[in-house]
Amino acid sequence: MRLEPRHNWIEIVKITTNEKEENLLILPEDFKRPESAHQVVLVVTDPSGSYNAGDKVVIPTHVIRDIEIEGRAFHLVEANHVMAKVKAK
């Protein structure tokens, strides 16, 4: 299945790290670290053509819209929420 965003919506992929830190304190098992206010994500599809597939962009974490269709998760963000594009040196 493929999702085709429309208008000013961009499909993204969240970048996750599997780094697990060893805690010096005993924390409850359901403890989650607070999310950062901003996140670097990968662009999958941008109908406006402003970003290419694979571009890394910075967005506020709270504007990500998680959608599930037929058991598959998709993530969308409005293009005007993109704060910056991350470029290699």
Side-chain angles (χ1 to χ4, degrees):
M1 175 188 322
R2 184 173 171 199
L3 185 70
E4 294 181 0
R6 296 288 185 227
H7 305 291
N8 67 335
W9 289 93
I10 298 173
E11 182 182 356
I12 59 165
V13 172
K14 297 177 182 179
I15 300 173
T16 58
T17 58
N18 293 334
E19 296 176 15
K20 194 166 189 172
E21 294 180 18
E22 190 171 318
N23 294 316
L24 299 176
L25 301 172
I26 298 175
L27 300 171
E29 288 190 26
D30 61 346
F31 175 79
K32 281 180 82 175
R33 292 196 182 279
E35 285 188 341
S36 172
H38 304 91
Q39 187 172 354
V40 175
V41 298
L42 292 176
V43 173
V44 175
T45 307
D46 175 16
S48 73
S50 297
Y51 304 100
N52 297 316
D55 282 351
K56 289 182 181 180
V57 295
V58 179
I59 59 171
T61 303
H62 73 279
V63 300
I64 298 172
R65 301 293 179 243
D66 300 319
I67 301 168
E68 188 173 323
I69 303 172
E70 296 179 5
R72 185 163 173 215
F74 296 94
H75 311 289
L76 297 174
V77 66
E78 287 185 89
N80 59 324
H81 288 294
V82 175
M83 300 172 65
K85 181 177 174 181
V86 180
K87 290 187 173 187
K89 288 185 178 181

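These numbers were taken from a predicted model, which means no experiment stands behind them.
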Working to the nearest 0.5 Å, report the span between [atom1] of [X] and [atom2] of [Y].
X: F74; Y: L3; atom1: CZ; atom2: CG; value: 5.0 Å
X: Q39; Y: H62; atom1: CD; atom2: NE2; value: 12.5 Å
X: T45; Y: N52; atom1: OG1; atom2: CG; value: 11.5 Å

Pairing residues for [X] by the side-chain contact (heavy atoms from CB on, under 4.5 Å) criterion, not counting sequence neighbours:
X: V40; value: I15, K56, V58, V86
X: V44; value: E11, V13
X: N80; value: N8, E78

Report yes if some heavy atom in the side chain of [X] is under 4.5 Å from a heavy atom in the side chain of [Y]; otherwise report no.
X: V57; Y: Y51; answer: yes
X: D55; Y: K85; answer: yes
X: W9; Y: E4; answer: no
X: V43; Y: V82; answer: no

| task | Please name all residues satisfying side chain to side chain donor-acceptor pair (under 3.5 Å) with T61, sequence neighbours left out, ordered by chain then number. | result |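 T61 satisfies side chain to side chain donor-acceptor pair (under 3.5 Å) with no residue once adjacent residues are dropped.
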| Pairing residues for R2 by the side chain to side chain donor-acceptor pair (under 3.5 Å) criterion, not counting sequence neighbours |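 In terms of side chain to side chain donor-acceptor pair (under 3.5 Å), with neighbours along the sequence ignored, R2 is linked to no residue.
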| field | Distance-minimising heavy-atom pair for P5 and P47 | value |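 Minimum heavy-atom contact is O-CG, 3.4 Å.
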| query | When you measure from the side chain of D46 to the backbone N and O of I10, does any donor-acceptor pair fall under 3.5 Å? | reply |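 No, because the side chain of D46 does not come within donor-acceptor range (under 3.5 Å) of the backbone of I10.
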| task | Begin from the C-alpha positions of L76 and I67 and carry the test side-chain contact (heavy atoms from CB on, under 4.5 Å) through to its verdict. | result | CA-CA 8 Å; L76 297 174; I67 301 168; 3.4 Å; yes
| field | Co-membership, hydrophobic cluster, residues I59 and M83, 4.5 Å side-chain | value |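 Shared cluster, no.
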| salt bridge (charged side-chain N to carboxylate O under 4.0 Å, His left out) contacts in which one or both residues fall within residues 59-73, not counting sequence neighbours |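 Salt bridge (charged side-chain N to carboxylate O under 4.0 Å, His left out) check on residues 59-73 returns K14-D66.
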